[in-house]
Amino acid sequence: MPDEAVPNLKIYLAEKKKTVEAALQGYFPEPEGLTSDLINAMRYSLFAGGKRLRPILCIAGAETVEGSGRQILPVACALELIHTYSLIHDDLPLMDDDDLRRGKPTNHKVFGEPIALLAGDGLLTEAFNLMTSVHISGKISPQILLRAISLISRAAGYDGMVGGQAVDIQWEGKKADFTVVKFMHIHKTGALITASVASGAILGGADESQIEAITSYGEKIGLAFQISDDILDIEGDSKTMGKKAGADEQKGKMTYPAVLGLNESKRIQSELVQTAVLDLREFGSRAEPLRQIARYIIKRKK
Ligand code: GRG
């Protein structure tokens, strides 16, 4: 979790995480009948102990513009379902072939590849079910809800996370230039992080200039977050991260440190965080959680 130097953020993240965990438990089916193996596999990765950063950003986005974080919980949780699906698929032998995720054996190691693939599919589709379910419809205007769902769909798909993953896989082992690596990071990781905070702002009732400012903040912290991931792969500890360190170099992955070196990557990351904080000028103290989350991205150890 965050550095000790930011005790307020530590409490904030812990409280929001608790709210998200409880909501996820409430929405999510218990395993029963013929599909119990599938649901067990979906639950296994969903409740394996992630940071819940994307739902927390969604809630913080809404609360920054004086919206209700509680009201938008179904969308916040849907973002975690999409993120968890991406991790399950990313770990499969036909992708990154990883054995450890969130400190536990990866989904396919426990349930086998076919069920792991389907657990990812099940989480992705359930995310859209949740965002259109009675848990949220009727509480938010249909136009606003549609705008948020459309933003999230785009960020998760070919023009976002899936597109970035395709480039990541295709460039593995090849020498990519900076433009390719930046594209990959912005799409693979940045897009869903941006959509998380921006959809929260939209659902919280933000006006256009507020949406623009929060989107700009999201784009910067989304990229900074993936640069952190690259740096942690070099400097981090496998046990703390819950996944294997050093995997990027071993697989010939194109990362910021591989292309620009560690020092330049850290400089860019720090500049991104500083300018992301400047994007939040107009929001006053309500944006303090988002400011602190931006700073935490550089300090995180997992
Ligand atoms: C469609 C077959 C198919 C696969 C899609 C889109 C995709 C696979 C993978 C997405 C790419 C991906 C996994 C990017 C990595 C993003 C990242 C830094 C993940 C770690 O996020 P954290 O640190 O993890 O928030 P926790 O466990 O805390 O939630």
Side-chain angles (χ1 to χ4, degrees), residues 1-2 13 16-17 20-21 24 44-58 76-77 79-98 100-104 106-108 113-114 116-125 127 152-172 181 183-197 221-233 236 238 240-245 247-248 251 253-256 269 293 296-302:
M1 286 309 280
L13 291 176
K16 296 296 183 203
K17 185 173 165 172
V20 170
E21 297 293 339
L24 281 170
Y44 173 80
S45 291
L46 189 62
F47 296 110
K51 296 185 285 296
R52 312 309 195 195
L53 178 71
R54 292 146 193 85
I56 294 173
L57 280 169
C58 184
C77 289
L79 287 156
E80 187 65 21
L81 265 54
I82 296 172
H83 169 58
T84 305
Y85 121 78
S86 82
L87 300 180
I88 296 175
H89 282 192
D90 188 51
D91 291 335
L92 284 169
L94 85 171
M95 295 261 172
D96 271 6
D97 194 10
D98 280 313
L100 201 63
R101 172 71 70 178
R102 292 177 164 171
K104 292 184 166 178
T106 42
N107 200 292
H108 64 272
E113 285 176 48
L117 184 74
L118 292 168
D121 294 339
L123 285 164
L124 174 62
T125 42
I152 293 168
S153 317
R154 193 164 193 133
Y158 79 91
D159 198 22
M161 183 174 74
V162 171
Q165 177 78 351
V167 175
D168 183 329
I169 298 284
Q170 285 176 317
W171 281 83
E172 212 173 274
V181 180
F183 177 96
M184 202 170 82
H185 282 25
I186 287 173
H187 288 77
K188 185 178 80 163
T189 306
L192 197 63
I193 288 183
T194 308
S196 299
V197 68
I221 63 150
L223 178 55
F225 188 85
Q226 183 55 51
I227 301 174
S228 287
D229 210 64
D230 293 350
I231 294 171
L232 280 173
D233 192 71
S238 301
T240 312
M241 292 193 291
K243 62 176 183 177
K244 205 171 136 224
D248 289 342
K251 290 175 190 154
K253 290 267 181 201
M254 276 302 117
T255 63
Y256 263 57
Q269 189 198 36
I293 289 171
Y296 149 68
I297 281 173
I298 290 192
K299 294 179 178 157
R300 74 192 181 99
K301 304 273 183 285
K302 70 174 196 174

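All values derive from a computational prediction rather than experimental measurement. First listed ligand is number 1; within each ligand, the first listed atom is number 1.
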Donor-acceptor check, side chain of Arg54 to backbone of His83, threshold 3.5 angstrom: yes or no?
no
Any idea which atoms of ligand 1 are less than 4.0 Å away from a heavy-atom of [X]?
X: Asp229; result: 18 (C)
X: Lys51; result: 22 (P), 23 (O), 24 (O), 25 (O), 26 (P), 28 (O), 29 (O)
X: Asp90; result: 13 (C)
X: Tyr85; result: 1 (C), 5 (C)
X: Leu87; result: 13 (C), 19 (C)
X: Arg102; result: 26 (P), 27 (O), 29 (O)
X: Gly50; result: 26 (P), 27 (O), 28 (O), 29 (O)

Would Arg52 count as a contact of ligand 1 if the rule is a heavy atom under 4.0 Å away?
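Arg52: no contact with ligand 1 (<4.0 Å).
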Give a yes/no verdict on whether any heavy atom in Leu53 is under 4.0 Å from an atom of ligand 1.
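In this structure, Leu53 fails to qualify as a contact of ligand 1 - no heavy atom is under 4.0 Å.
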Return yes or no for this condition: an N or O of Arg54 is under 3.5 Å from an N or O of ligand 1.
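N/O-N/O distance below 3.5 Å exists for this pair.
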Using a plain distance cutoff, I'd like to know if His89 has any nitrogen or oxygen under 3.5 Å from a nitrogen or oxygen of ligand 1.
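Between His89 and ligand 1 (N or O atoms, distance only) the closest approach is not under 3.5 Å.
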His187 vs Phe183 aromatic rings, parallel, tilted or perpendicular, using cut-offs 30° and 60°?
parallel
Judged on heavy-atom distance to atom 11 (C) of ligand 1, which of Met161, Glu80, Gln165, Met95 sits nearest?
Gln165
Going by salt bridge (charged side-chain N to carboxylate O under 4.0 Å, His left out), name the residues that satisfy it together with Asp230, two or more places apart in sequence or in a different chain.
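For Asp230 there are no salt bridge (charged side-chain N to carboxylate O under 4.0 Å, His left out) partners, ignoring immediate neighbours.
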Give me the residue, atom name and distance of the protein heavy atom closest to [atom].
atom: atom 14 (C) of ligand 1; answer: Lys188 CG, 3.6 Å
atom: atom 20 (C) of ligand 1; answer: His83 CE1, 4.0 Å
atom: atom 15 (C) of ligand 1; answer: Thr189 OG1, 3.9 Å

Whether the Asp248 and Thr255 side chains hold a donor-acceptor pair (N or O, under 3.5 Å, no angle test) is what I'd like checked.
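Checked: Asp248/Thr255 side chains show no N/O donor-acceptor pair below 3.5 Å.
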Hydrogens and angles aside, do Gln165 and Ser86 bring a side-chain donor and acceptor to less than 3.5 Å of each other?
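Ser86 and Gln165 do not have a side-chain donor-acceptor pair below 3.5 Å.
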Check: Leu192 and Leu79 side chains under 4.5 Å, non-hydrogen atoms:
yes
Between Lys253 and Asp96, is any pair of side-chain heavy atoms under 4.5 Å apart?
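Counting from C-beta outward, Lys253 and Asp96 do come under 4.5 Å.
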Apply side chain to side chain contact (heavy atoms under 4.5 Å, CB included) to residues Asp168 and Met254 and explain how you reach the verdict.
CA-CA 8 Å; Asp168 183 329; Met254 276 302 117; over 6 Å; no
Inspect the contact between Arg102 and Asp91 and indicate whether a charged nitrogen and a carboxylate oxygen are less than 4.0 angstrom apart.
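The answer is no: the pair does not qualify as a salt bridge.
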Sole residue of Asp97, Asp98, Asp90 in salt bridge (Lys or Arg N to Asp or Glu O under 4.0 Å) with Lys251:
Asp98
